[in-house]
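Quick notes on the structure that follows.
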Amino acid sequence: MNKGMSGHEMTRSANGAPNQDRETATHETGSTAPAKMTLAEVREQLKAVKGKKYWRSIDELANTAEFQAAVEQEFPGAAQEWVDPVSRRGFLKLMGASMALAGLAGCTKQPDEPIYPYVKAPEDLILGKPMYFATAMPSVTGALPLLVKSDQFRPIKIDGNPDHAFNRGGSDVYSQGALLDLYDPDRSKHVTFRGERREWAEFLDEFRVKAASTKDGTGLYFLSETVTSPTLARQWKAVQAAWPKAALVQYDPAIAGTALERGPHVQYDLSGAEVLVSLDADFLSTAAFPGFHRLVRDYAAWRKEPEKGLNRLYAVESMTTTTGMKAEHRLGLRASEIPAFAAELAQALGVAGAELPAHAWTDAQRKFLAALVKDLKAHAGRCVVIPGLYQDASVAELALAINSALGNVGKTVFVGAEALHPLPSDQMAGIRSLVADLNAGKVDWLVILNANPIYAAPADLDFADAFNKASVVVHLGSHLDETGQIAHWHIPAAHFLESWSDARAYDGTVSIVQPLIDPLYGGKSAHNVLQALLDEPMLSAYDAVRATWRAQLEKSGDFEEAWRSALHAGWIEGTAFPKETAAAKAAPVKIAVPPPLPPDSIEVIYRPDMNVYDGRWSNVGWLQELPRPITNLSWDNAAIVSGAMLTRLGLDEQDIVELSVGGGKVKAPVIVAPGHPDHAVTVHLGYGREFAGRVGSGVGFNAYLIRNTWAPFQAAGGVRKVDGRWGLAITKSHYQDHRGSFFGQQGQGGNSLEGNEALGERAIIRYATLDEFKANPEFAHEGESRETPKTDTTLFPLWPYKENKWGMSIDMNSCVGCNACILSCYAENNIPVVGKQQVRIGRDMQWIRIDTYYEGDLAAPRAHFQPMPCQQCENAPCEQVCPVGATVHTPEGLNVMVYNRCVGTRYCSNNCPYKVRRFNFLLYSDYETESLKLMRNPDVTVRSRGVMEKCSYCVQRITAAKIEADKENRPIRDGEIVTACQQACPASAITFGNLNDKDSRAAKLRANPRTYQVLADQNTRPRTTYLAEVLNPNPELEEAPVEHAPAKD
Amino acid sequence: MAQLFDRSSNALARMSLVLTGLIVIALGVTLDQLQRSPWVTRQGQRADQPVPFSHKHHVEGLGLQCQYCHTTVEKSSYAGIPPTKTCMNCHAQIWTNAALLEPVRHSWATGESLAWTRVHDLPDFVYFSHEIHVNKGIGCATCHGRVDQMPLMYAQNTLQMEWCLDCHRNPAKNLRPTSQIYNMAWQAPSRDRPVWCAAAPGETGVPTAQSVRCTAVDPAAAGVQLASLAWSPSAPHPLTGADSAAALPVALAYRKFTSQDDLGHFLLDHYKIKSPKDLTSCDTCHR
Amino acid sequence: MATREVNPHQPGIDPATGEYRVIAPGQTFRSVTEKITRIVLTPYTPLGWFMLIAVAGAGATMLLVAVTWLVLKGVGIWAITQPVAWGFAIINFVWWIGIGHAGTLISAILLLFKQSWRNSINRFAEAMTIFAVICAGMFPLIHVGRPWLGYWLLPLPFTMQVWPQFRSPLMWDTFAVSTYATISVVFWYLGMIPDFGTMRDQARSKAAQYFYGLLSVGWRGSVRHWARYETASLLLAGLATPLVLSVHTVISFDFAVAILPGWHTTIFPPYFVAGAIYSGFAMVLTLAIPLRKFYHLEGLVTERHIDNCGKVMLATGFIVAYGYGMEAFMAWYSASHWESFTFWNRAFGPMGWSYWVLITCNLAIPLTTLWSRRLRRSMLFMFVLSLVVNVGMWFERFVIVVTSLTRDFLPSSWGTYRATKWDYMTYFGTIGLFVFLFLLFVRFLPMIPMSEIRTMLPGAKIKPKVAAEAGD
Amino acid sequence: MPPREGTYGLLAEFDTPGDLIRAARQARQDGWRRLDCYTPYPVEEAAEAIGFHRNKVPLLTLMGGLLGLGAMFLLETWISVWAFPLNIAGRPTYSWPAFVVPAYEWTILWAGLSAAFGMLALNGLPSLYHPVFNAPNFRNGATTDKFFLCLEALDPKFDPASTRSYLETFAPVSVVEVEY
């Protein structure tokens, strides 16, 4: 990987690279181009002409200044990208499509293709070879250190920084999705005042004049998303100093009212924890939980070699999450019952201070508690209790108390003195006071930095009304969102890949956020805005960041050198939070534990969405289309209930209910989550956006409408059936009617047909308990329909695979079903987004999916997650039936799909037992949106309609590695090729390698006794194999021991 | 009720039957020829370019190295089209006001790219890598023809799949020593023009491109006097780094080749060229 | 034919020969010739014909619209999806091909078996075959994602130098169906040459004379020609028989060769062929019964023909029933979970209803009623029954294609299927096209083979006395 | 063939196949060789009567069939084994069982076409013009309900006057002279 070039050099490079003085320049080229012409017009022109003429005209057109201008305007500074195959490919395929419509595509000749070379080529650029830059993605739950792949200075793939101690290369759906967010065609493109185009400079003048007129900053209010950048904090402090009366309010709907907004900053080290207890802490499913990547990695490390010991996870949770589903033992409680449970637990463990709210626990719950207590005591100092981020403050306090009582603090739990964020504050109080001031008319100028209060502010504040009382509202945002629509000034915000900044990972390590591309739409960052009020208003973010860390970096000698190495490595040494146990003080005397809601009343539980978080990712198609774990719901949010509740309300899935909390009401479709607590409804935030963009607008319902300051994460509410159905896109059991009836008899032993089938004779899922595994390590291969046919039982000679023999091993024991692999695959392989309607009828295009099978009673199920990419069968059923040989085997045993040969009979898909092939039923790839062309991976063909596609083990990466090795006259090293899914996986559950190389990790894993092939009895001989799960249940909680696997005899 | 058709109708009927047959055949032949015709492939056609750049003048006349302009040919799949700056390096001093060069100066002045028309244009679903070809002994001229003889650039070959396969099925017939990649005039060895080649010692460590040393002068006879090989490029050798001739260790065990076939197979082994099975595997060119 | 045991005084028996009378008494060479030629050569076209062809034409136009939109937008306008990647298109393809089979069977197999009664109906049965094959052959082309590349299925020397993949049943289809279409057309045309001669000589208008004259390639009825003609016909019949059997066998391979539970079974070839003939005869009835009424051909297409068709359907129907039975049996006997689950899902899964439709239409109704001669000779009943069987056979293919695909190996990928309006338009469109072509056929071509009817007329009997004299 | 001049032959019309056959047999017994019968439907006895017993159509069909079989099977083998051998589903390149099917279909295709076109060729069809059509009564009968015997002028025994009276002995409906 060529990380050789540091950001400092980048600032000098002529094209694409960030360069503050070029920003304005490029921006102007956009506005001052002769006789401008939008791409829409271009397309209009093209519509007129047909056939060969069509070809010619597009190129004639491509040479005209207007066209250049149009392109420039769409993405300034990108006009020279023309030599890039993708943007060209985009156009050609568009043509190809139109030709197809004319029915000629088979026999058209190619058009003349122009080349636009650079005028001055950047020295460090080798066209066709990607470069990698270290940066970081700021986030309210702690920044994620990144390593971004850049092709001709266009970031085309985001991945975790493999060298960073915090995530070791792991990433998550948000960071993967951030790439599409950068190229989002709906981002706002211009500074506007009351809807009219303005220049940034004009704003600066007005802003500064205004500020000056206030003398001390009276009436000058800032409403910002949580400030995560130390530099920004520094800049604010400076502003504060200069304008003492100016006020800053931070508000992030997803963390307002949690411990995260002001600490204490607690870190968990799971590597030392044998017993894990989650009190509504969903630390395995998304980066919405602080420290997600590190936690998953340490958790998964325990699961890899059961023979060397296995941790045990207890989950006490409300909404069913992957954490709960991975847990050996899960107790589903309503959110409001969890503090009480925590108190019980604390008391049972002899922690003083917690007074017990009265609550009638069932025997099962008591049994669970007892066993848990026993287990914890047995593992004092080697266990950890993790409180939920969205739980009542008391839970965090109790958990801390328990942890210190068990002596975990300092071993598995670390409490930092300083908070994660540089400007800790009580955000709920903050926004409340802001609204008060607005209503009191104290607010003159309200400057909103990357926040969207109109959409996301608590319902009871009636923010929209107060909003109008400010005389001038400035909105800095990436989109012209709900707030931007009505703000006076709107300033396009720069994406984090477009501007300089800095951020702290959850462990405190500081990363410099270095941009990889000029702002596509001349966006500005919060740094620019705050700096405007200071002495050097034009000081660039780049200089501001350097200024912040100069002192720190000079400690280690020469600043420039240190700065470079910080950029190169992706973090600044020695900035991690000290792991001192400052807060290991005795638990507070009294912990106020709120009583649970009365059993019969309905509880509404609010959680940030697993895909769009608080709504900030609403317009990212990949994330919208991504089926969530557990519910397999894509494209919408829903009122999630238990099966029992569904039957009680006399509803079927997708029926519409009206939820009411306080005064607020909202209509929502209802679906069932297996294991969801009864008498409770979980709603996810971030949906029902009005002005999210072409993708996110009008999707789902807005749960903020029933969310109040006094109960941000759970509240008593009402559910009422109303008429109508809401078409939901559910990707498993594709739009199956009356799915609800499957869950109908929950509690009475109702269970999932799919689950039974998968675990039964089909032996798709194979697992054992630790004891069974110890008794019989071969359990995955023994018993009915578990045998793997001998390779030599065949009628025809075996096909030899001499040199390389690629294979993949997926560890189901460490997979936590977080979906990161799916998103990574989207970005790497140019997978199109097909839209809700297509997903509804089962046409989603994901090359890798995570199959979820529920075992046992759906009221309290256990789930098994099985990532399912193409299995690359050696006896591939798909190949044999293709009439044109469009899918064939390579000498290295890859089952490749030759898109340009495919005529689209779809026979291969029918004959694929794993159903991993995806077909372009319609023209799914977007050939027209310019910005998306910049995003595409130039090494992967963009598929047109009527073509089958599928996972290829990232053949483009394999080929690249082969060419390198070939030039250097050596074999390919193990680990040299990393597939996109493998790279993203925070649990490193996926291993790819050469099975012929006995020392490769893949080969070793394949030899592991737990390794099995799905549908082995079909003798397809998959190259992708799975490591069977081994669970570590607490014997005391094992209900009548189930035979998961035959014992050895 | 009498005769319905005229006498001649019999002859007519039979003739028309024969004719139909002929027409069908003719049609087939035409289409088969058409798909290979320059009209489809643009083989040999000189596209009109903003500047009538003459490779002949610059390469043969001025002796410019291929890589002077196509800088990344060894490093990347994409050989590289020179930026305007490369032109201006010289044309800032010479031909400074030639009308022909106006577009170049304009580009230089305005910062707008020159819009060349791609002469060697592969379909977008084909992934060709210059770097691996030049590193494994396929010379520029093999695909691009005698560019040094082309006043205006044109495609020497069809660049159709059958053409690619023709070589991928039997690379030996086109392999040459990597030291001769940029030698437009390179000819296959023959009785009167033999070539001596030796495998570099320690096969593995050495990069593929340097794993073989070749010379046209009999090493045994010439001894140290190898300094300048008759047709070795004047510039220090790009692939083997230093001047290949000077770098020749006399110790090497040279073999004499008098036919392309022998040389090809020798290089096939030492450049570790993959088997036709691998080279014709779909994923070699398509993803 | 069991002629011996029937008593010669029974109705329907020709006292002269003691054989079943296949055509009504009192017909002469000329009467037959005129009756059949007049239908075509009359300047007056019945109004009904115009009305019918208007309706059928509308259907065909609908097909045109549907296909155009399909090519413009892509196969996504149909309901096909993951996991059900084949839908109506393939169902219709198999259904139409199946229908075609009866024509070939009647013209070829019955000819070999010397079933002279076939002579009255084989011409339009063959026509039916050809039009059915046209409808069927369309689907493999339009159902692919990129129809304009369909020619890649032919082994031609393209510059890509890549070739078809002959292990794929779809390649086998390509050759089977194209061969079937070609041979059917040739056989059909060959059969009509002598009749074209007759038409040429019966026609009054010059245009008609030239038209049929050309088609008849100058047929003049020389006995030498007749001899070669007969040999060729017999040979073609002999070739068409294994062909027709192979074609549906090959089509059944599309499924049998796949590994999908519910497809991967060895009984498909025989059971598909039987099913094909079953549905084919149903279609013959659907066409014959109205035709004979409309054109008053009761004398030539007698109850006897309908009766015999009924018997053939009864026989093939039972073979089909055996097929269904075997599937159920194997599901249990194989002790394979895949088999048993698939069968359970077929009958009781979310799409179970379609299975019961097919059982009702293909087994329950026909196999109980067809035993009765009275019902077999009731035109109305047979007409309705033929429709019922056609529906049933369509659903058989629906069950095989769709239900099997909805739930295969991985439960995670189970899905369902709901046809769109484009699916229906395409399907009913082909029916429109079929009827359209058929109406053109009855209007412009002799729908009953005169030369073959003549051989069955009393006048064709050479008097024994003649034979005796010839002897010495 | 060059248009000949003069008489083609004498055409006797009969009402029943029986009469025709009797006349034909007799004529052949009397040594006539250039003669032909025209009937509205196949009358095998008539063919035998004029000594036409076996034809070459079956042979052509056989050859066509074999040709088709060989052509397709070789094509398949060449393509899969030599032209572009590929690893398809781990199957051997020479998967002969799969090749059988198309080869089988082509056997039938070529055999069928040879049979049909062979028959036409051997019959000398198309021959839109033929002397017998000159007979006024031919076209109305020969394709409907009449049976014709034609003694051709090329036969050495032919003599317009005597042949006519010879034909009269068979009590035909009519005897007409047919011009070229």
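Each chain gets a letter, A, B and so on, in the order its sequence line appears, and its residues count up from 1. These numbers come from a predicted model, not from an experiment.
- Both the backbone and the side chain of A:Q880 come within less than 4.5 Å of a heavy atom of chain D.
- Below 4.5 Å, heavy atoms of chain A meet heavy atoms from D:L86, D:N87, D:I88, D:A89, D:G90, D:R91, D:P92, D:T93, all part of residues 86-103 of chain D.
- Close approach to chain A, defined as a heavy atom under 4.5 Å from one of its heavy atoms, is seen in no residue of residues 108-128 of chain D.
- In this structure D:T144 satisfies the side-chain hydrogen bond (donor to acceptor under 3.5 Å, both in side chains) test together with C:Q202, sequence neighbours excluded.
- Applying a 4.5 Å heavy-atom cutoff, none of the residues of residues 36-75 of chain D approach chain A.
- The number of heavy-atom neighbours closer than 6.0 Å to NZ of A:K998, taken from other residues, nucleotides and ligands shown, is above 12.
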